[in-house]
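For this chain, numbers begin at 1 and follow the sequence in order.
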Amino acid sequence: LIWSSFSVTVDPIPPVAPAHYLACGGSQQSCAGTIETADNDEYHEVRCCSTSLIQGWSKKNGCDVWSASEVPICFHKENFVGAK
């Protein structure tokens with residue numbers, strides 16, 4: 001075991017992956033159940049999700065998150081960074 005005065009600076013903002021998964025959430029849509037990846041700069045529809053209860057949001061049986069589509073802080077079409 002060797003002790004040293006070596007220090008490490010950690011970036012407080014973690015890096016963002018270059019792409020993320022998309023899932024079609026509309027059960028009545030032709031895309032229902034499909035999952036694909038998209039680059040972070042692509043624009044897509046946005047549905048807001050939370051792991052904590054938010055008043056007025058819904059949580060379906062068998063699902064771990066609450067969600068909403070039409071809320072003031074969400075967007076109709078946005079890229080990953082803008083929607084985050």
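Taking the side-chain contact (heavy atoms from CB on, under 4.5 Å) definition, one finds that T37 meets it with Y21, sequence neighbours left out. Taking S50 as the reference, nothing meets the side chain to side chain donor-acceptor pair (under 3.5 Å) condition, with sequence neighbours excluded. When the side-chain contact (heavy atoms from CB on, under 4.5 Å) test is applied to T51, the partners found at least two apart in sequence or on another chain are V65. In this structure D39 satisfies the side-chain contact (heavy atoms from CB on, under 4.5 Å) test together with A19, D41, E42, sequence neighbours excluded.
Between W57 and W66, the closest heavy-atom pair is CE3-O, 3.8 Å.
Atom NE2 of H44 sits about 4.5 Å away from atom CG of L22, to the nearest 0.5 Å. The CG atom of D64 sits 11.5 Å away from atom SG of C49, with the distance rounded to the nearest 0.5 Å.
With N40 contributing its side chain and A17 its backbone, the two residues share a donor-acceptor pair below 3.5 Å.
Other residues sharing the hydrophobic cluster of Y43, ordered by chain and number and joined by side-chain separations under 4.5 Å: none, the residue standing alone.
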